[in-house]
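See below for the structure under consideration.
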Amino acid sequence: MVTLALAPLRRRPAAFAGLAVALFLAIATLTLFGLLFAAGLTAREEDPRAVAGPGPMVIAGAFGEIAVLVAFFVVVNALGFALRQQHRELALLRTVAATPRQTRRLVRGQVVATTLLVTAPAWVAGAAAARRFLGELQRRGMAAPGLRVPDTLLPPVLALAAALAVGLAGTAVAARRISRIAPAAALAASTTEHARTGAPRLLAGVGALAGGALLLRLAATRPVAEADKAGQAALLGSLVLLVAVALLGPLAARLLAAASGAPVRLLAPRSGWLADAHLRGYARRLSSAVVPVALLVGLSGTMSIMTSTAGNAPGTTASGVTSATDVWLRQCELALLVCFAAVSTVNTLVAVTAGRRREFALLRLVGATSSQLLRMLTVEAVLTTVVGVLLGAAVAGAAGAAFSTAVTGSAVPTVPLAACGWIVAGAAALTVPVILVTGVRAVRGPAVERVGGDGD
């Protein structure tokens, strides 16, 4: 079983590259904030002198709360695509007498092996980042000069345990469908898409939507003196809303694709019609592609709008040093969240596009040329970007309005148009080239072999 579990990692390492990167970032992030929190615990004993602003423990808690949730969101997303890329192989194993329990054990073995592979580098990176971050806090007067990152293995071990727990839990959910249905049905399901969204997913999506709304209401009702808490609640609310977008994505993506596809059909009658038809017919695939784009735009937009709103709020009394420090902390948090979102975006788009090799081969067999397929992919990439930006902008707007209500008393936040423009441009610059580069590779090779082979 161990040899069978490791075989896909050796034969197709690219399929697990996204998962490995996501796990690396998650473990490194947990190690970073765990060590920073541990350093804060020793602050009173080693140096009782007061520091300006929140101490390392508060910063680690505030940063870690959001960063860890985003990290695990990215891990689960990457895990789902890693398993989806070998859906056909797992279905074939079921047809040759592999039991559901053996299939689940195989998948769990792959996740554990990938996690252990990246653990040591992630620990090193997390420890180095903790020392660097603590040094910056000391330079800015937010940590005692004599404070040091403690030599303890507890935070790294807890980071590994948390990553394994999330990975194994995600594996149980992702492998549930293929391990429960009949072998022949599993093989057929590996080449088709669900026609409907299941009731449990809809209920979970509605629950996440309600939870996000409650968090935004909590942020909006915080007093002005608790602007930091309002910001954390608004940012957490935006993340929960993005989870709702992921769960309800097929419905939202289908509606937005229908609205944005009509103009595309007029501007590009041939490639636009084909791209629009593909996106409408494969709403789940479109949802998988737009969710990371929405994550990137939603989190970046929320942070930018909150920073601009707080800076322009009347009656701001923060001192110059504290204001500069707050801006620096928000920039660090934004950079970390954007890093996670960018990894999720690239991993998802590569997996979604590369998984369409058979589809491209069939189109080539019925007469489509490579240039026509690339034009179709270009239109799809633009539509994917538009839908993702719209969903992300809606989340950022709601979170920004809640924060603005708490800080200024008005539900109309200060929107930094230049920063938002750069966010949209960055999302487009990340989405379109990734889809096209992966598409160029996917349309190459003999079409007959692509249809009859395994698609790799």
* Kindly determine whether Asn347 and Val21 satisfy side chain to side chain contact (heavy atoms under 4.5 Å, CB included), including the steps that lead there. => CA-CA 9 Å; Asn347 177 57; Val21 173; over 6 Å; no
If we only count heavy atoms from C-beta on, is the [X] to [Y] side-chain gap below 4.5 Å?
X: Ile435; Y: Glu380; result: no
X: Leu69; Y: Leu236; result: yes
X: Val245; Y: Leu241; result: no
X: Phe24; Y: Pro121; result: yes
X: Gln138; Y: Arg148; result: yes
X: Thr438; Y: Leu349; result: no
X: Leu160; Y: Leu164; result: yes

[X] side chain to [Y] backbone, donor-acceptor under 3.5 Å:
X: Thr171; Y: Gly167; result: yes
X: Ser238; Y: Ala396; result: no
X: Ser344; Y: Phe340; result: no

Rounded to the nearest 0.5 Å, how far apart are [atom1] of [X] and [atom2] of [Y]?
X: Leu153; Y: Leu158; atom1: CG; atom2: CG; result: 10.5 Å
X: Leu242; Y: Thr302; atom1: CG; atom2: OG1; result: 7.0 Å
X: Leu295; Y: Leu239; atom1: CG; atom2: CG; result: 7.5 Å
X: Leu209; Y: Leu248; atom1: CG; atom2: CG; result: 6.5 Å
X: Thr385; Y: Leu296; atom1: OG1; atom2: CG; result: 10.5 Å
X: Phe360; Y: Leu374; atom1: CZ; atom2: CG; result: 8.5 Å

Give the table of side-chain donor-acceptor pairs shorter than 3.5 Å for residues 26-38, with sequence neighbours excluded, one pair per line with atom names and distance.
| unit_1 | atom_1 | unit_2 | atom_2 | d |
| --- | --- | --- | --- | --- |
| Thr29 | OG1 | Leu25 | O | 2.6 |
| Thr31 | OG1 | Ile27 | O | 2.8 |

* To do: Begin with the C-alpha distance, continue with both residues' side-chain angles, and end with the deciding distance and a verdict on side chain to side chain contact (heavy atoms under 4.5 Å, CB included) for Leu23 and Leu19.
  => CA-CA 6 Å; Leu23 286 168; Leu19 176 60; 3.9 Å; yes
* To do: Could you check Leu377 against Leu436 for side chain to side chain contact (heavy atoms under 4.5 Å, CB included), going step by step and ending with a plain yes or no?
  => CA-CA 7 Å; Leu377 276 175; Leu436 291 182; 4.1 Å; yes
Shortest non-hydrogen contact from [X] to [Y]?
X: Phe403; Y: Ala227; result: CE1-O, 3.5 Å
X: Val443; Y: Val440; result: CG2-O, 3.3 Å
X: Ser304; Y: Leu334; result: OG-CD2, 4.4 Å
X: Val291; Y: Ala246; result: CG2-CA, 3.6 Å
X: Val70; Y: Leu299; result: CG2-CD1, 4.0 Å
X: Ala219; Y: Ala230; result: CB-O, 3.4 Å

* Please assess Leu168 against Val112 for the test side chain to side chain contact (heavy atoms under 4.5 Å, CB included), listing each intermediate value before the final yes or no. => CA-CA 8 Å; Leu168 293 177; Val112 171; 4.0 Å; yes
